[in-house]
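Heads up: the structure comes next, in C-alpha cells.
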Amino acid sequence: MDAVRKLLEETNPEALHREKQQKRVGLPELPNSIKGEVTLRFAPNPNGPLSLGHSRGVVINSELAKINGGRVVLRFDDTDTKVKPPEPTAYSQIEEEYEWISGKKADVVIRASDRMPIYLEYAEKMIYEGFGYTCRCTAQNFKKLRDNMEECPCRENDVSLNLELFESMKSGGIPEGGAVIRVKTSLDLPNPALRDWPALRIQHTPHPMVGEKYKVWPLLDFQSAIEDRLQGVTHIVRGKDLMDSTRKQTILYGHFGWNYPETLYWGRVKLLEFGGFSTSGMRMEISEGKYSGWDDPRLPTISAIRKRGFSSQAIREFWLELGLTQKDISIPMQSIEAKNSSTIDSFTERRSFVRSPDEVIIEIPDTIGDYVAEVSIPKHPDGTIPGMREWGAVSEKIFVEKDDIGIVDIRLKGFADVKILDGVAVVISNERTDRRAIAHWLPVEISREAVLEIPQADGIQKVSGVIEDYELVEGMIVQLERVGFARIKKIPNNGPIMMSWLHG
RNA sequence: GCUCGUGUGGUGUAGUUCGGUCCAUCAUGUCGCCCUCUCGAGGCGACGACCCGGGUUCAAAUCCCGGCACGAGCACCA
C-alpha cells in the first residue's frame, strides 16, 4: 500500500487528494448547446389527456429549457385519424396539464393537423427531388422485398408519375392502403426497419378537428421531422423505443440537406402497480365503464393523481431524480408517494381520524391535583403552519379507536395519560407520566362521521370513523394522525364527510 | 431471426468521457432506536451493489475481448 502511495506521489499526486465523491444533482449538460439558443419539444398524441408517463417528457423538457435558457414547443401529433384518433377535449386539457406539471405555459403550441398544407408541400418537394416516391405495393409484399433488400417495382417510376399518383391520393382517388409515399434509403441498410420507410399514407376517416379536408396524412417520422426543422428544434429528448425514428429522420434530413438535432433518450418506465401507460387502453376501459373517467383514482393519469392530491413539485422532483438514463426501469408507486410526502408534509395540517370508534367516558378522580380540561393541539407539529386546533374543554364522552382501548394504559394525544377499563378512561395526569403509547382520539363534540375511500385494484375500500371537525374545507389535504394523507372530498349538509386516501 | 440499446444494494440513481484513498454517492426500502406528546409523520442508526469469464496494468465499476441476461424496434400507430 505504501509503495503504491509512493508511486502515486510521483506519477499522479492529485489522486491522493481526491475528495469523497458526491452525487451529481440535476440534469447533465446538454450536448452541443448554446445557452439561450435551445429549443426543445414535447409532442404528445392528443388521443387522451396526459398520463404519469407523459409527465416525464414535460418535466425533462421544461427543466432543460429552464436551465439552458431555452424554450419548449408543445406539439400535438394528431395525424392519425384511425388507430389512435384525437380526442377533441384533450388539446386544451393537455395544455393546462402541461402548465400544472411544469409550472409554466408551453412557449409555443402547435397542432400538426393545422399544418397539413406544409407537410404535403414538403412531401411533394421530396418526390420532385427524387428521394421520395409513391409506392403501390401492399404492405406484406413490400415487407417481403424489404427483408430481402430488394427494390420494389414502384421505386423506378419517374417523378411525373409519382406526382400524378400523389395528386390522386390527395384527391381521394386511391383507397386507403392503396398507396404510400416512401423515403428512398439505401436498401442494404443493416437495419431492415429503415429501408425505404413510409412517410405518408392515405386515411379516409375524417379527422375530428379538420374534418374530411385531407385524404393523405403524414406518419410520425415524416411529420415530426419536418416540424422539428420548422420550429428550429435543437435538442430532441425521446424514449429509446424511438431510436429508429432518429435514424429514419436523419436520412430524411440528409436528403433535404439539413442537420439533425441532438438527440437524447430515456428508457421505458413501468409503475409496478399500473404496468405501462396506454392511453388507448385506458380510453377503452373508461368507455366500458370499468373506470369512472380519466380522473378515476385508480388510473395513472395526471388528472387522477392531481385530484388525489399529489403536488406537481413531487412529480418534478421524482422525474428529475431519475434523470435521463436509457435503462428500462420499474418503479413502485411508493417511491413517488415518498417524494410527495416530503414535499407536502410541511404545509399539511394534521387532523384526528378515529377508525372503528368506541365511545369512552372520561373520569376525573378527585385525587388528581391540577387538571386542565382544555385541549389545543398544533396544526403542524413542527410549527411550519402556525396556530392551534382549539378543541375547547373536554366533556365526558370521547372516541378512541377500538384497538387503542385494548392497550389500557395510554396517552390521549395532547391531553392526558389515562387508564381505560370497561369503557371508562380514568385520567392520571395532563402531563406525561411515562413512555406509554400515544393515541389519537376525539371528544364527541367536535367529531363528525366520516368515510375514507381507499382505491384498490378491485374497487374502492371504505373505512368509516369519526373525523375531527375543525376548520375543514372541501378539497384540502390533511394528514390524518397515525393514518396517512387524505383529501377532504365532500362535506355534505347531512351525512358523513367523504375523504379520499392519498398515501401513507 | 435481423437491428438497436441497457446491465452498480430489494427499487432507483451518482461515479464510467480522461483507470488511482471507490473498502463506491444519494434517495427509497427493510430492520432497530428515539420523539420535548402521530407505533403509516418526523429524527438518528444499521443492512444492502459494481452481470459473468478472461485480458491489459503497479492499479479496473471505469479500458479491451468473449459470454450471459434483460428490454425495445422490425405498423400504411404515436
Side-chain angles (χ1 to χ4, degrees), chain A residues 1 3-5 7-8 11-12 14-25 43-47 77-80 82-84 135 137-139 142-143 146-147 176-182 189-195 197-203 217 219-221 223-224 239-247 265 267-269 272 279-280 317-318 321-323 325-332 334-339 341-342 345-346 348 350 352 377-378 380-382 404 407 411-417 431-432 435-440 479-485 503-504:
Chain A
M1 201 60 192
V4 171
R5 182 176 288 273
L7 191 70
L8 271 177
T11 60
N12 191 2
E14 313 90 77
L16 259 8
H17 306 292
R18 261 191 140 204
E19 304 222 339
K20 187 90 176 166
Q21 67 177 303
Q22 302 270 304
K23 175 160 177 154
R24 194 208 75 228
V25 287
N45 180 344
N47 63 336
D77 279 352
D78 58 349
T79 58
D80 175 27
K82 226 180 164 173
V83 184
K84 295 177 178 172
C135 171
C137 298
T138 62
F142 182 84
K143 179 175 162 50
R146 184 198 66 185
D147 288 347
E176 289 189 3
V180 70
I181 307 292
R182 295 189 181 282
L189 252 21
N191 188 344
L194 272 34
R195 299 175 198 149
W197 54 273
L200 301 95
R201 82 321 206 165
I202 301 167
Q203 293 186 130
W217 288 84
L219 286 148
L220 168 84
D221 291 316
Q223 178 271 127
S224 175
K240 68 173 186 180
D241 52 317
L242 259 27
M243 278 182 165
D244 283 349
S245 274
T246 302
R247 299 179 185 112
Y265 305 94
R268 230 168 79 110
V269 178
L272 250 33
T279 305
S280 15
E317 286 180 15
F318 172 73
E321 270 175 32
L322 290 200
T325 66
Q326 290 188 31
K327 276 200 278 190
D328 299 318
I329 52 179
S330 292
I331 311 270
Q334 196 183 32
S335 84
I336 301 181
E337 293 172 353
K339 184 52 79 185
S341 294
S342 57
D345 181 75
S346 62
T348 303
R350 312 291 133 129
S352 179
I377 302 176
H380 192 286
D382 302 337
D404 290 330
I407 298 173
R411 176 166 182 83
L412 300 176
K413 182 176 156 63
F415 175 51
D417 284 6
E431 300 305 315
R432 295 207 72 169
R435 289 184 166 183
R436 63 182 61 199
I438 298 164
H440 62 295
Q479 189 197 105
L480 304 173
E481 287 170 343
R482 296 175 67 201
V483 178
F485 294 91
H503 51 70

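Within every chain, numbering begins at 1; the chains are lettered A, B, ... in the order of the sequence lines, protein sequences first and strands thereafter. Keep in mind it's a predicted model, so treat the numbers as computed, not measured.
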Checking A72(B), C39(B), G29(B) against the side chain of D404(A) (C-beta onward), the nearest is C39(B)
Counting side-chain heavy atoms from C-beta on, which of G7(B), U38(B), C39(B) comes nearest to K327(A)?
G7(B)
Tell which nucleotide pairs with C44(B), taking only Watson-Crick or G-U wobble pairs whose two distances are both under 3.5 angstrom.
G32(B)
Would you kindly check whether a donor in the side chain of R482(A) faces an acceptor in the base of C39(B), or vice versa, at under 3.5 angstrom?
yes
State which of U8(B), A78(B), C74(B) makes the closest approach to the side chain of P192(A).
C74(B)
Considering only heavy side-chain atoms of A437(A), the closest of G12(B), C39(B), C77(B) is C39(B)
Of the candidates G12(B), A78(B), C76(B), the side chain of L220(A) sits closest to A78(B)
Less than 6.0 angstrom from the centroid, inside 45 degrees of the normal: does R195(A) satisfy that with respect to the ring of F142(A)?
no
Side chain of Q326(A) only, heavy atoms from C-beta on: which candidate in U6(B), C74(B), G40(B) is closest?
U6(B)
Below 4.0 angstrom from OP1 or OP2 of C35(B), is there any side-chain N or O of R432(A)?
no
If the cut-off is 4.0 Å, is R201(A) near the phosphate of A78(B), judged by side-chain N/O to OP1 or OP2?
yes
Complementary nucleotide of A61(B), counting Watson-Crick and G-U pairs under 3.5 Å:
none
